Structure formats: C-alpha cells, structure tokens
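Chain naming here is simple, since letters A, B, ... match the order of the sequence lines and numbering starts at 1 in each. What you are looking at is a predicted structure, and each value in this text was computed from that prediction instead of being measured.
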Amino acid sequence: MVTETLPEQRDTRELPPSWNPAEVEGELYARWVAAGYFTADSSSDKPPFSIVIPPPNVTGSLHIGHAFEHSLMDALVRRKRMQGFETCWLPGMDHASIPVHALVERQLAAEGTSRRELGREKFLERVWEWKNNYGGKILNQMRRLGDSVDWSRERFTMDDGLSRAVQTIFKRLYDDGLIYRAERLINWSPVLRSALSDAEVDHKEVEGELVSMRYGDGDASIVVATTRVETMLGDTAVAVHPDDERYAHLVGTAIELPLTGRRIPIIADTHVDPEFGTGAVKVTPAHDPNDFAIGQRHNLPMPTIMDEEGRIANTGTEFDGMDRFEARVAIREALRAQGRIVAEKRPYLHAVGHSERSKEPIEPRLSLQWFVQVEPLARSAGDLVRSGTVTISPKEADKRYFDWVDNLHDWCISRQLWWGHRIPVWYGPDGEQVCVGPDEQPPAGWTQDEDVLDTWFSSGLWPFSTFGWPEQTQDLAKFYPTSVLVTGYDILFFWVIRMMMFGGYAMDGQPPFRQIALHGMVRDKFGKKMSKSNNNGVDPIEWLDRYGADALRFTMVRGANPGVDVPIGEENVENARRFTTKLWNATRFALSNGATVRTTVPPRSELTDVDRWILDRTDALVSKVDGYFEEYEFAKVAEELFHFTWDEFCDWYLELAKVQIAESDERAAATRAVLGHVLDVLFRLLHPVMPFVTETLWTTLTGGESLVVAAWPTVSGATQDADATQRVESVQKLITEIRRFRSDQGLAPKKRVPTELSGAYEAGLLPHEQAVRSLVWLDAPGADFNATATLEVALPTGTVTVRLDTSSAIDVAAERNRLTKDLAVAQKELADCDKKLGNPNFVAKAPAEVVDKIKARKDTALADIERITAQLAALPTA
RNA sequence: GGGCGCAUAGCUCAGCGGGAGAGCGCCUGCCUUACAAGCAGGAUGUCGCUGGUUCGAUCCCAGCUGUGCCCACCA
C-alpha cells in the first residue's frame with residue numbers, strides 16, 4: 001500500500017555518492033541566515049536562552065581555542081532552539097584592545113616607525129584599520145564553523161554603546177566611592193611603559209643571585225641579603241625584628257648607605273623573619289611591595305630610583321642611566337671593590353613576576369593610578385555562587401572561585417596605553433577633578449585623564465552592555481541574566497569574576513549568568529600545550545578546508561570533558577570525518593531502500609524483535625543525550641551518538657533491515673518506516689554537533705524546511721521490550737560466534753556454507769534464522785548435507801547448536817586452540833566464583849542479589865566447561 | 001610556600017565498591033551490490049607504589065612517588 005509512493009520519492013531524494021562539505025556548507029549557512037533563524041526576537045513569547053560569547057582574542061585568524069569553544073556553545077544553542085527556546089548570543093567584536101594594540105605596534109616597528117612618532121590620532125586610525133580588516137576575517141571564519149550567531153548584532157563598538165556602559169558604571173562606582181586614585185606600588189612593565197593588574201603578572205622561577213652585603217662599618221654595621229642589588233640605591237632603612245636581640249642595640253641608630261653617602265635608620269618591624277638570612281632586611285619602599293608596606297608604617301621616604309623604562313635615575317650616582325640589570329652587576333662590583341660583599345649564592349632559585357604580554361620581569365613602581373575597591377563587589381560575587389544563584393560546572397571549580405574572590409586585592413584599572421576606553425575623569429586648571437557621566441559635558445578647558453581602562457573593565461560589562469545597557473532595552477529585559485557562560489578555566493579569574501562583580505553591582509544583584517560551564521584547554525595530541533615554541537599549534541582553518549566544519553566540530557565536542565584539557569590531533573579529525581562519511585553512506589543506502597517518514601511506524605505489536613530493539617535503543621539514546629547535554633557532558637553526548645550510529649544502527653540494524661526488506665512487501669514497508677523514523681531522530685540529535693551534514697541528510701529524507709528549526713526529539717513513551725532486546729542480543733552473539741569460527745577456520749567470507757541450526761526454538765530465535773543465515777553466509781542443508789563441524793553457542797535463553805558442512809576437513813588445531821582458550825576463561829571464571837562463594841563472610845554479608853549473580857555466573861561457567869570439554873573430546877585427534 | 005587536579009592498553013582518555021572500556025595504533029582475512037574514509041575476526045593491561053577500611057578495592061581513606069595547573073609580597 002505504501003510501496004507505490006516509494007519510486008517517486010526515490011527519484012526526488014537521491015543523495016550524491018559522497019559528501020563534499022566545502023561545496024555545501026557556505027550555501028547552507030547563507031540560507032539559514034537569510035531565513036532569519038539566527039536572529040533573536042526579544043518580543044517573542046518563547047522562553048529565553050542566552051549565551052555569552054567569550055572575548056575573541058583577535059590575533060588575525062581563528063584560533064583552535066575559539067573553534068573549540070564555539071563548537072560547544074553552538075551545540076547548546078542549537079539544541080535549545082530546537083526545544084523551542086528563543087536563543088540569543090551576545091556577540092561583539094570590540095574586545096581585543098590589547099592584542100590589536102600590540103600587533104599594530106609590531107607593524108609600526110617593521111615599518112621603522114613607532115607609536116610615539118605617529119601620534120595618538122594616527123595610531124588609533126591604524127588600530128581601527130587593523131580591526132576592520134582582521135575582525136571581519138575572523139567573523140567569516142566563525143561563520144565557517146556554522147556558528148548560529150546573529151553577527152549583525154555587532155553594533156557595540158568603542159564609540160557608542162560600550163563607551164556609554166563603561167562611562168555609566170565608572171561614574172556610578174566613582175560616586176559610590178568604590179573607585180579611587182592613589183599613589184601605590186603597582187606592577188610596572190618597563191617595556192610596555194604601563195601599569196599591569198596582578199592578573200597580568202606571571203610568576204616564574206628564575207635563577208638569580210642572593211647577595212649578602214655589609215652596610216655601615218665596624219660595630220655599627222649590619223649585613224643584609226638581596227636578590228636585587230640595584231635597588232639598594234633606593235634604600236631608606238634597614239629593618240630587623242623587634243625581638244631580635246642580636247640587633248637590639250642598633251635599632252634607632254643610623255648607618256651609612258654605601259655608594260650614596262646617605263644615612264639610613266635601623267628600624268624594627270615584625271614583618272622581618274629573624275630566621276631568614278641574617279635577620280636584617282634592606283628596605284626599598286618604592287621598589288618592593290613588602291618594603292612599601294614597611295615604609296608606610298614607619299613613614300619612610302620613598303624615592304623612585306628608576307625611570308619608566310627601568311633605567312636607574314635621579315640617584316645622583318654614576319649609575320644613573322644604566323639599565324636595571326646592567327646596574328645590578330655594576331653596583332655589586334662597586335660594593336665588592338669596597339669589600340662589602342660578604343656572601344653570594346648563585347644560582348639562587350626564586351620566583352619573579354613577569355609581564356604576561358611583554359614577558360620581561362615587572363618592576364614594582366610607585367605611581368598614581370586608579371583603583372577599584374573590590375571588597376564589597378567581590379563579596380557579592382562570592383555570595384552569588386554561595387547562595388546557588390549561579391552554579392559552576394564542574395563543581396570542583398567552586399573552591400578555586402571562592403579562594404579567588406575571598407582574597408582579591410584592590411584592582412588597578414588604569415593603563416598607560418593609547419587604545420582603550422579613556423578614564424572619564426577630567427582635571428581643572430588647579431588640579432580639581434570631576435568624573436563625567438555619559439550625557440554630561442566636562443567644564444570647558446579641563447583636560448581628560450590620559451590613561452585608559454584595563455580591558456577587563458569593559459569586558460566585565462559584556463553580559464549587559466551588549467544588550468544596550470544602560471538603556472532598558474527589550475533585549476536586556478528578556479535575555480538578562482543569561483543562561484550560561486561557556487568558557488575555559490584559564491579565564492575564570494580574569495573575566496568571569498569581573499562579570500560577576502559588575503553584573504551584581506549594575507543589575508541590582510542579578511547575576512550575569514545562571515550557569516558557568518568550564519571547559520579545558522585544547523592541547524596537542526600528546527596533551528602538550530600548543531604554542532609557537534613547541535611548534536605544535538594547528539590551524540583550524542586548514543582542518544575546516546580539509547575535513548569540513550562538521551568533522552572539526554564533532555572532534556571538539558567529542559573531546560570536551562568538563563573542566564579537563566582536550567588533546568586534539570589530526571587523527572581525531574580524520575576519525576570524525578570518517579563518521580560523517582559513514583552517516584552519509586548509511587543514509588544513502590537507507591534512502592535507496594525506501595526509508596521514509598511519510599508513513600507512520602506501525603504499532604509495536606506488528607513489528608519484529610529487531611524493529612522493537614532499535615526503537616528502544618533510539619529512545620534510550622534520546623534520554624541519554626538529553627541528560628548529558630543538561631550536565632554539559634559534551635564528550636559523552638558525542639560518544640553516545642557515535643556508538644549508536646556506528647555500532648548499533650549501521651553494524652546491526654541496517655544489516656538486519658536488508659533481510660527484512662527482502663522478506664515481504666509488508667515487512668519491507670514497516671522496515672522502511674522504522675528506518676526513516678530512526679534516521680529522523682538521529683539527525684535531530686546530531687544536528688547540534690554536526691549541523692551541515694545532518695541538514696542535508698534530513699531535508700533529503702523528510703523534505704522538511706530545515707533542521708535548525710525542527711523540533712528536538714523526545715522519548716516515544718513506548719514500553720521497552722526487554723525480551724526483544726535479549727533475543728536480538730542473542731542473535732548478535734550467535735552471529736559473532738559463527739563469524740569467529742569461520743575466521744578461525746580460514747573460510748572465505750563469502751563462501752556459502754550449508755548449515756543446520758538447531759536448538760533455536762528454546763532460544764526464541766527461530767524467527768531470526770534467515771537473518772543469521774544471511775549475515776553469516778549460511779545455506780540451508782541440502783540433500784548431501786554432511787556436517788564436518790559442530791559449534792555450540794550458549795545464549796541466555798538456551799544453547800544453539802550449529803552444524804556446518806565445510807565440505808572439507810576442518811582445521812582441528814585451530815578449533816582445539818579456540819576451545820582450549822574458551823575453556824581456560826570458563827575455568828578462571830569458575831575459580832573466581834568458587835572463591836567468593838567459599839567465603840562465608842561473603843555469603844553472609846554481601847547483598848543477596850550480588851550473591852545470586854555470582855551463583856548464576858558459576859552455573860554458566862560450569863555449563864560452559866561441560867560443553868567445551870565435550871566438544872574438545874569430540875574433536876578428532878590429530 | 002599555599003591550594004587544586006591527574007596517574008587505567010603502545011598513544012590520548014572514559015569508567016569507579018562486586019565480571020577491565022573507547023578512539024587511534026597493532027595483527028589476520030576480505031574491493032561481500034551503503035561505505036576500503038570500509039567490513040569481519042584477533043592480540044594487548046600486577047587500573048603509579050605502600051598501607052588502611054570492607055565479605056570484597058581500579059573505585060573509598062592515609063601516606064609516598066611522579067606529573068600538571070592555579071595562586072603567592074619572604075628579602
């Protein structure tokens with residue numbers, strides 16, 4: 001009845017012999033965009049699902065880390081969209097201030113010019129030029145991944161929306177007294193000539209030197225140790241512990257600071273550890289954080305002895321003008337010449353802060369900077385997680401989050417760069433200052449602060465500034481707080497925490513997102529960090545060209561275990577590509593055999609065991625995939641889909657379906673409907689991770705408009721048929737055992753072997769006899785049937801005896817080998833079971849079902865041993 | 001120095017109180033009319049070490065060793 005429509009369908013739904021992503025992806029993507037699928041509509045009444053896009057660290061091309069992150073985010077978004085949510089991404093391309101700044105500086109250096117020569121205006125023009133050029137390139141590369149982002153929302157640039165948000169929040173914090181300007185010891189980069197936040201400093205172990213030197217002479221002398229000899233020019237005291245009797249007589253006196261002629265006091269401070277070194281410390285308040293604290297406590301002078309580029313300056317000594325590292329040696333040698341060096345330890349391993357971007361050791365520097373008083377902000381950011389308003393996945397990351405928010409120092413937000421949001425504070429002729437809000441004008445003739453804001457200041461506003469805040473937009477009302485933030489654990493402390501602080505502060509305690517899903521870093525296939533120096537970086541664009549977006553995305557998703565790094569090698573992408581090909585071929589085959597969704601799947605009572613089994617497996621797949629998605633277990637989502645498709649659908653159902661289609665018209669029709677249904681569900685489930693190939697296959701199968709807006713599948717609700725499943729699994733085992741026998745015997749795979757199957761009744765396998773014969777190339781026994789080998793296959797429901805006429809003597813040695821091995825396995829199993837059951841404590845204390853299970857295993861082992869022993873005995877002796 | 005994590009097949013990783021798993025790699029046989037980017041079969045592990053808890057430990061606990069990451073103002 002349904003068969004007559006099939007030829008017509010076949011004509012219109014033929015797939016090309018192979019899948020060529022390069023030819024199809026761009027066209028499909030353009031179609032989706034044109035259809036408006038990606039445009040979020042905040043006026044719709046669908047529930048919102050919004051997602052924050054981590055800052056694109058623009059370096060000129062798509063980074064493997066972006067490809068990874070976007071693959072995960074897009075999978076989430078696509079699934080939610082199919083579930084009927086109004087989905088919204090928060091894109092914005094204006095974030096990459098610092099990298100662009102540095103890149104343009106590099107360009108200028110190559111051109112033989114510099115930022116300073118060019119001037120601020122021209123420099124900023126160059127940055128814009130670069131951004132327009134490469135920012136657009138990156139957008140295109142993101143599109144190639146198939147990101148379902150509405151990139152047309154890229155309207156928040158440095159000039160308008162984001163600037164308003166930055167100014168608004170700055171002024172609010174300023175007025176609340178949470179932003180202040182102070183002279184503090186900050187991390188200074190002599191190369192960048194800018195302040196850095198604590199987060200931008202990397203502490204690295206270096207081999208330095210620990211030099212002990214004598215200040216003063218005779219009785220009034222004291223030995224101090226330092227790793228930074230050059231800072232002695234800025235010493236304004238020597239400190240000892242107040243309880244240290246060795247130096248008690250010196251406290252309150254002064255000694256001469258060598259090389260300078262200055263006299264400095266000896267003071268007592270509890271910071272000093274009497275056990276370390278000589279128990280005396282030189283104090284350089286302007287160049288060391290500890291010393292700065294001591295200096296504040298004791299009202300010491302704080303002379304700065306270096307200029308912005310790290311050269312000794314204003315000391316009135318011969319060392320002025322020397323680079324700090326040069327000076328370290330020169331001063332040490334000058335002291336040595338005076339006989340003041342009493343000990344040297346070299347190499348001396350210690351941690352030194354380095355600038356994250358420019359890599360040189362940072363120089364603590366006393367300077368006037370802007371700070372955010374983070375304590376109240378950080379406390380509420382912590383409370384958002386403590387109260388469960390925001391959850392972090394994996395939950396082990398909670399502790400690290402708390403450690404961080406509970407110990408945050410005030411945040412230095414001013415940067416002496418040219419690119420970025422200027423600090424909205426203006427100074428009057430007499431040093432007055434005023435903070436100017438977004439709709440206010442500074443008094444005429446006043447000048448704006450030259451510094452710009454830390455890049456994390458503006459990106460901390462991302463979750464609401466991209467919705468047009470401070471305007472109360474419809475988008476903001478609908479999509480804030482966002483549903484989830486997907487990002488790497490490396491950025492938790494930089495970015496996530498700023499968003500948490502600003503979100504709670506600006507949005508009346510509303511968090512920026514409900515869920516933080518942390519993933520790991522992409523590593524090379526040996527788990528090593530990808531880097532230029534390791535020469536193991538990969539270009540995702542190359543992989544997109546060679547394998548297609550689906551393969552790349554599936555690779556990424558398959559590797560993404562929560563919070564754990566992802567080793568990726570080309571092998572992984574090849575494997576994913578093989579998967580797309582497999583899916584393609586399976587579908588092509590199913591379609592050519594009339595798979596259809598035009599007819600409904602008959603009720604289960606009219607279906608075979610095999611049909612019922614695959615439908616049950618499909619239901620199980622839906623619920624597993626759903627569960628894993630909800631837990632951000634991306635790798636498991638991919639794994640389930642991969643194994644269902646390959647191991648269950650392709651390896652078994654398709655093979656068995658061939659038999660059913662050949663059986664009768666009625667059987668064929670039912671099978672075609674099941675095939676169509678299973679594929680339909682499978683494509684929907686796969687769509688979030690492999691959007692392009694599934695779109696092509698699904699529209700061909702169903703004639704539907706697009707998977708992007710198709711419904712996400714739900715479980716059918718049908719009762720699982722455990723008996724059918726057991727029988728199918730028995731058939732699988734039987735087939736595998738016969739194949740193994742054939743392989744052991746070296747029988748050509750397609751050689752048809754007359755075979756008699758018996759015992760199938762007890763096992764309930766009679767209806768499947770044709771399937772077994774077909775899949776293992778067995779003929780029915782003819783008149784001249786003469787069994788040369790007997791195989792007994794133990795199944796849960798009974799033993800099937802397989803008698804084969806191999807038309808020649810069997811390889812007795814091979815068979816004996818096999819049986820001996822099986823026997824050994826069974827005997828070990830028996831021994832294990834006996835050991836447990838022989839333990840009275842086990843029988844008494846273990847749960848009954850465990851004991852029963854072991855008993856059942858023992859029975860099976862005994863039966864196996866008996867059967868195999870008999871078979872061995874029946875073998876002709878060689 | 002403090003904190004967190006990891007140690008399972010040759011490689012990269014799942015699993016996690018009662019029968020050791022996946023992908024890749026490896027061995028054998030097959031171009032069987034969806035697929036050689038494939039099919040079928042096969043081999044491979046004192047589950048880091050040492051103790052403890054338990055009837056039972058790859059799984060829980062402690063210590064050790066190795067390893068990775070984050071944080072950190074010890075001269």
Quick one: is [N] close enough that its OP1 or OP2 comes under 4.0 Å of any side-chain N or O from [X]?
| X | N | result |
| --- | --- | --- |
| A/Arg742 | B/A40 | no |
| A/Arg578 | B/G38 | yes |
| A/Lys845 | B/C55 | yes |
| A/Lys525 | B/G23 | no |
| A/Lys828 | B/G19 | no |
| A/Lys835 | B/G56 | no |

Contact class for [X] (heavy atom, under 4.0 Å): base, sugar-phosphate, or nothing?
| X | value |
| --- | --- |
| A/Thr226 | sugar-phosphate |
| A/Trp19 | nothing |
| A/Leu654 | base |
| A/Phe292 | nothing |
| A/Arg400 | nothing |
| A/Asn561 | sugar-phosphate |
| A/Thr580 | nothing |
| A/Trp404 | sugar-phosphate |
| A/Pro847 | base |

Suppose you measure atom [atom1] in [N] against the same atom in [M]; what distance do you get, rounded to whole Å?
| N | M | atom1 | value |
| --- | --- | --- | --- |
| B/C61 | B/C69 | P | 25 Å |
| B/G52 | B/G5 | P | 26 Å |
| B/C70 | B/U28 | P | 45 Å |
| B/G2 | B/C73 | C1' | 14 Å |
| B/G48 | B/A9 | P | 8 Å |
| B/G15 | B/C27 | C1' | 27 Å |
| B/G63 | B/G21 | P | 33 Å |

**Message:** Any non-hydrogen side-chain atom of A/Val776 less than 4.5 Å from a side-chain atom of A/Val753?
**Reply:**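 The answer is no; the side chains never approach within 4.5 Å.
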For [N], which nucleotide is its Watson-Crick or G-U wobble mate, given both distances must be under 3.5 Å?
| N | value |
| --- | --- |
| B/C60 | B/G52 |
| B/U67 | B/G5 |
| B/U46 | none |
| B/C11 | B/G23 |

Specify the separation, in whole Å, of atom [atom1] of [X] and atom [atom2] of [N].
| X | N | atom1 | atom2 | answer |
| --- | --- | --- | --- | --- |
| A/Glu655 | B/G38 | CD | P | 15 Å |
| A/Glu849 | B/G17 | CD | C1' | 13 Å |
| A/Leu747 | B/U28 | CG | C1' | 14 Å |
| A/Met521 | B/G5 | CE | C1' | 14 Å |
| A/Asp403 | B/G5 | CG | C1' | 14 Å |
| A/Glu574 | B/C24 | CD | P | 11 Å |
| A/Asn290 | B/A72 | CG | C1' | 11 Å |
| A/Trp777 | B/C39 | CH2 | P | 16 Å |

**Nearest-0.5 Å distance that lies between atom OG1 in A/Thr284 and atom CZ in A/Arg228** = 8.0 Å
**Base B/A14 paired with A/Glu633 side chain (donor-acceptor, <3.5 Å)** = no
**No-H, no-angle donor-acceptor pair, A/Lys582 side chain to B/C35 base, under 3.5 Å** =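 Looking at the base of B/C35, it does pair with a donor or acceptor on the side chain of A/Lys582 (distance under 3.5 Å).
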**Prompt:** Considering the options A/Glu639, A/Glu640, A/Glu633, which one meets the salt bridge (Lys or Arg N to Asp or Glu O under 4.0 Å) requirement together with A/Lys636?
**Reply:**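 Considering A/Glu639, A/Glu640, A/Glu633, a salt bridge (Lys or Arg N to Asp or Glu O under 4.0 Å) with A/Lys636 is found only for A/Glu633.
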**Request:** Give the nucleotide from the list B/G15, B/C69, B/U12 with an atom nearest to the side chain of A/Arg523.
**Result:**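 Minimum distance to the A/Arg523 side chain belongs to B/C69.
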**Request:** Check the angle between the aromatic planes of A/Phe579 and A/Phe554 and answer parallel, tilted or perpendicular using the 30° and 60° thresholds.
**Result:** tilted
**Message:** Ring-plane angle category for A/Tyr653 and A/Phe649, please: parallel below 30°, perpendicular beyond 60°, tilted otherwise.
**Reply:** parallel
